[in-house]
Amino acid sequence: MSERPEPPPRSAPLVFLERRSYRRRRMRDAARLLPVLGLFAWAIPLLWPQGEDGSPSVSGALIYVFTVWVVLVAVGAVLSVLTGDGDEPGAEDRSEGGGA
Amino acid sequence: MTTLNALVAVCLAYVLFLFVIAFVAERRAMEGRVRWLRSPLVYTLSLSIYCTAWTFYGAVGAAARTGLEYVTIYLGPSLVMLGWWWGVRKLVRIGRSQRVTSIADLVSARYGKSNTLAILVTILAVVGTTPYIALQLQSVTLSFAVFSEGGQALDPRPGPENTTAFWVAVGLGLFTVIFGTRNLDANERHNGVVMAIAVEAVVKLIALLSVGIFVVWGLSGGLAATLERIDASELGQWSVDGGRWAGITFLSAAAFLCLPRIFQVLVVEASDESHLRVASWAFPAYLLLMSLFVVPIAVVGLDLLPPGANPDLFVLTVPLDQGQEGLAALSFLGGFSSATSMVIVAAIALSTMVSNHIVMPVWLRLTGSGASVSGDVRHVVLTARRLSIAGVVMLGYLYYSLSGGGSALATIGLVSFAGVAQVLPAMLGGIFWRGATRVGALAGLVAGFSIWVYTLFLPSIGGAGVLSAAVLEAGPWGMGWLRPQALFGIEGIDPLLHAILWSMSFNAGIFFVASVASFPTPLERLQGAQFVNVFQHSPGPRSWIGGVAQTEDLMIMAQRILGARDAMALFRREARRQGVRGDLPEPTPEFLGALERELAGSVGAATAHAMVGQIVGGMSVSVEDLMAVADESAQLMEYSARLEAQSEELALTASQLRDANRKLTRLSVQKDAFLSQISHELRTPMTSIRAFSEILRDSETLPAEERSRFASIIHDEAVRLTRLLDDLLDLSVLENGQVNLNLREGRLSEVLDRAVAAASIGPGGIELRRDRRAEDAVWLNTDLDRLAQVFINLVSNADKYCEAAHPVLQIRVAREPGRVTVDFVDNGPGISAEARDTIFEKFSRIAEQKAGGAGLGLAICRQIMTRLGGGISYLPGQGGTAFRVELAQEAALAAQ
C-alpha cells in the first residue's frame, strides 16, 4: 500500500466562528427564510374579499404579486452573493443555531 | 398575410439555426472551450424549458378564463428556486456525487439501486409526459393552422394538419437523436442541446415580451391605460379560487422538482454547483418576465377579437389581427421554440430512463451472460437510447392523433404535473429522511400513481375512454364512495384539487407508514446515509470488496460501455493514483466504486451495479454480507487462535516427548554399556580371584612371599567387588528412601577437608583452590558424612576426569538468602550438552573409554542431596566441568 496523505481530521463542530463565517451563516439563514416569506406574501391575496364590491381590482392584485416577485428576486440576488461560496468545512447543518 | 410556405421556410431556417448553434457548441466543447457554454447564464436559461408551449400560449388562455390564477404555475418554481438552500442544492450535489442520470436513477439509487423502483418511476414519467409532448405537437399544429386559416383556427381537430404534427415530431426526434445521444455518458453535458435550449429560451422570452410591449404600449397606450383597461374588462373583478391558488402553487413547485425534463437540466446537466447561486434568483426573474404581460395580452385579446376566438392563441392572433405579421411570426417562433425545446429535453430525459432502466436490463437478461458477453455494448446502449427517443416522440404523436386533440389536451398540462409530482414524497423523503425505505417508496408511488390515474388521468381523457360517464356519476359498480371525482363521498372539490389531495396524502402517508414498518436492506441504509448526509460524506459509496474482481475483465467491460479510449484513460488514471505500474489498477473498493459511478453515468446506477457485480463474481457487498463476513472471520480468528494454542501445546509436548525419547534411547544405550561394564567390572576381579586362588590351591611349592602377594591380590579384588556391591546397595537404599540421616553440626571447611583427604589425591593430581574464610563462615546442620560422600565424589571425579595439562579444581562457596551453594569448577573440557542430561542417571558414564567407577557416583550424589533437602546440578558456562551443590537454609547455619 502506498502512503496516503492522512485526511484532515474532522474537527469537532466549532462553537464560535470568525466574524465573516458567522455573517455568512446568517445570510444562509436569511436565504432559507426567503421562500417562506415568499409563500406567505403570495398567500395573502387569498385573504382578500372576492367578487363583491370593495374587493381589490385585478390591476392592484397584479401589481402586488409582481412587486412581491421583484422584491424576492432582488433579495435573492443580494443573498446569493452574500451567502458565499458554499463549502467551508462543516458548512452544513451545525453551528450556532444554523442548519436545517 | 404570411403564407404557410413562408412560415414553413422560417421554421426550417430556425431549426437549421438551432442545428448550427448546437453543432458549434459541441465543437467548442470538444475543443475544450466551454467556459462560456457552462456559464450560470446558460444554466439559468436552460431551466426555462419549464416554460413550454403550453405556458407560452396557454398562460394567456388561462388568464382569459380564470384571471390571475395562471400566475401560480410560475410561483411554485420561483419559490423552489428561491429556496434552493433547502432542497435544490442538495439535489444537485447528490446528482453530481452519485452521477445520477435521471430522476428514476436518483430514486432507484437512493433505495438500494432498486430497478423495480426505477421502472416504476420511468413508467410514471412516460405516462405523465406523453400527453405533454402531444400538447406541444398540438400547439405547433394549432399555430400553423392559425396562419393557414387566417386566424380562425377554432377547430384544432387533427385533420390535414396532422401531417404538420407528424413532420414536427420527426424533425424533433431527429434533432434529439443527433444531439442528445452524441455521448453515451448521459451524465455528461449535452453541450449542444443545452446551448440550443438556452437560445430558444431567449427567443421565446423576446417573442412574448415583444407581443406584450406591443400590446401595452402599441395598442393600449401605456402602462396606466393598460391597467385601467384590465380593471374595466371582464377579468377586472378579483376572484380566485383559494384552493386552486394554493394547490396549483404547490403542484407546480412539486412538478418543477419532479418533471423529468427539469430534472435533466437542473441536476443532470448541471456542470457547476455554483451556477445554482445565480439561477436561484435569475430563474424567478425569467419567470417573472414570462408572466408579466400575460394579463394585458389576454385582456386586449378579449377586447379586440371576436367572441369565441381561442384565447390560447391570443399571443398569435392579436398581432395578426393588427396586421403585425412580423411580430406574429416572431411570436410563432417563440411558441415553436417553447414546444421544440420541451420535446427535445423531455425525449432525452425519458429515453435515458427507458434505455437504462427498461431496455438495458431486458437486453442484458436476454443475452444471458450479461456484461461478460463479447462485443461492444456501447452501440447497444446508444441504439436503445435512440430508439427510445423515437419511441417517446412517436408516442406523443400517437397520443395526439388518437386523443383527437381539442380541449381535452388543454387541461393535460396540470394533469401531467399531478402525475409526475407523485415522485415527490419518495424523492424528498429519500434525500432528507434516512428512514425512508424501498418498500415505502414503492408502496407510496403505487398508491399515489393509482389514485392519480383513477381520479384525474382517466377522467381527463374523456368519458368515452376507459371510465364511462356512469362510473363518473355513480362510482364503479354503483359504489358511490368510489366515484373518481368524489372519493369517500366528499363532493364539490375541484377535480384537480381532489386528485392532488387524495393522491398526495395517500402517497406520502403510505410512504411514511410503510417506511416505518419495513426494514431497509443494508445497501439501502448505506445509500440513504450517502444521500441524506451528502454534504458530510465523501462522494461515492464503498460497496465493493476488491481483490476478487479481475481488473482485466473490468477493463473489457468498461471499454464496451465507455469506449476504448475513455476506459483506458480511466484505468490508467486509477493505476497512477494507486501508484501501480502499468495500466491495470488493483481492484480496490475505491476503484470499483469509482468505476461503477463512471458506468452509472452511462447506463444508470442499477445496471452499472449489476454489471460490475457480474464481473466481480456476484460479490456485491451489502453491509449484510460484510457483517456476515466479519462475523465469520471473527469466528475463524477465534478458532484459529484456539488451534494455534493447541498446536503450540502439541509442539511443546512433541518436543518434550522427543527429548524424553532421546533420553530413553541414551539411557538404554547406557544401560547396555553399564551391563557389559558391570559384568566386566565384576568379572575382572572374579577372574583374578579365581586364577590366584587356583594357583594357591594347586601349587604347593610357592614361596611364602609369592603366596602372600597372591593372597593380597585376592583380597584387594574382593574389596573392590565389595565396594561395587556397596555402591549399588547404597544407591538402592537411597532411592527407596530407607536411609537414616545422622544429623550433626559442623563447619563446611571441615567437611571439605575430610572429603579432600578421602579423595586421596596423589602427587601430580589435581590442584585445589579453596576459599577458607568463606568455608569457615558456613556452619552446617546436616548429615556430614553423607555430604562428605558427595564432596568426595565430586573431587575425585575432577581428579579422575579433568584432562587439562595442569588440572585445577576451584571450590567456591557462596551464601545467598535462603541457601548456600558450593561450586566445584575444574578447568577441563566440560561435559557436552547432550551428556548433561544423563550424568545424574544411574550407570551413567561420561566417556566409555575412561575406566573407573561403575557410573553410580553422581546418581548417588543426587540421591543424597535430595535426601538432605538440597540439590546438585551441572553448572554450565563456567569454562570447565562445574557442579553446584545447593544446601537448604536449615542445613546451613550462619556463622555466629
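Throughout, protein chains are lettered first and strands after them, A, B, ... in sequence-line order, and every chain is numbered starting at 1.
- A donor-acceptor contact shorter than 3.5 Å is absent between the side chain of W245(B) and the backbone of A43(A).
- When side chains are defined from C-beta on, F250(B) counts as touching M504(B), because their heavy atoms get closer than 4.5 Å.
- With a 4.5 Å cut-off on side-chain heavy atoms, R32(A) and D29(A) count as touching.
- Across L287(B), L276(B), L75(B), the residue that shares the most heavy-atom pairs under 4.5 angstrom with chain A is L75(B).
- Within the 4.5 angstrom heavy-atom criterion, no atom of T226(B) approaches chain A.
- When each of G38(A), A74(A), A77(A) is scored by its heavy-atom pairs under 4.5 Å with chain B, the top score falls to A77(A).
- Both the backbone and the side chain of L227(B) come within contact range of chain A, each with at least one heavy atom under 4.5 Å from a heavy atom of that chain.
- Heavy-atom distances place no part of F283(B) under 4.5 Å from chain A, backbone and side chain included.
- Looking at L47(A), neither its backbone nor its side chain comes within 4.5 Å of chain B, counting heavy atoms on both sides.
- Residues passing the side chain to side chain donor-acceptor pair (under 3.5 Å) test with W281(B) are S80(A), sequence neighbours excluded.
- Of the residues considered (A285(B), P296(B), S280(B), S291(B)), S291(B) shows the highest number of contacts with chain A, using heavy-atom pairs under 4.5 Å.
- By number of non-hydrogen pairs under 4.5 angstrom with chain B, the leading residue of L62(A), L72(A), I63(A) is L62(A).
- Side-chain contact between Y50(B) and S252(B) is present, with at least one heavy-atom pair separated by less than 4.5 Å.
- Heavy-atom distances place the side chain of L34(A), and not its backbone, under 4.5 Å from chain B.
- The side chain to side chain contact (heavy atoms under 4.5 Å, CB included) test with L257(B) is passed by exactly one of L424(B), V267(B), I262(B): L424(B).
- Chain B forms the most heavy-atom pairs under 4.5 Å with one residue out of V68(A), V75(A), L33(A), L39(A), and that residue is L39(A).
- Every side chain to side chain contact (heavy atoms under 4.5 Å, CB included) that L302(B) has, sequence neighbours left out, goes to A64(B), E234(B), L235(B), F314(B).
- With a 4.5 angstrom heavy-atom cutoff, V70(A) touches chain B via backbone and side-chain atoms both.
- Contact check for W84(B) versus P35(A): no side-chain heavy atoms found under the 4.5 Å cut-off.
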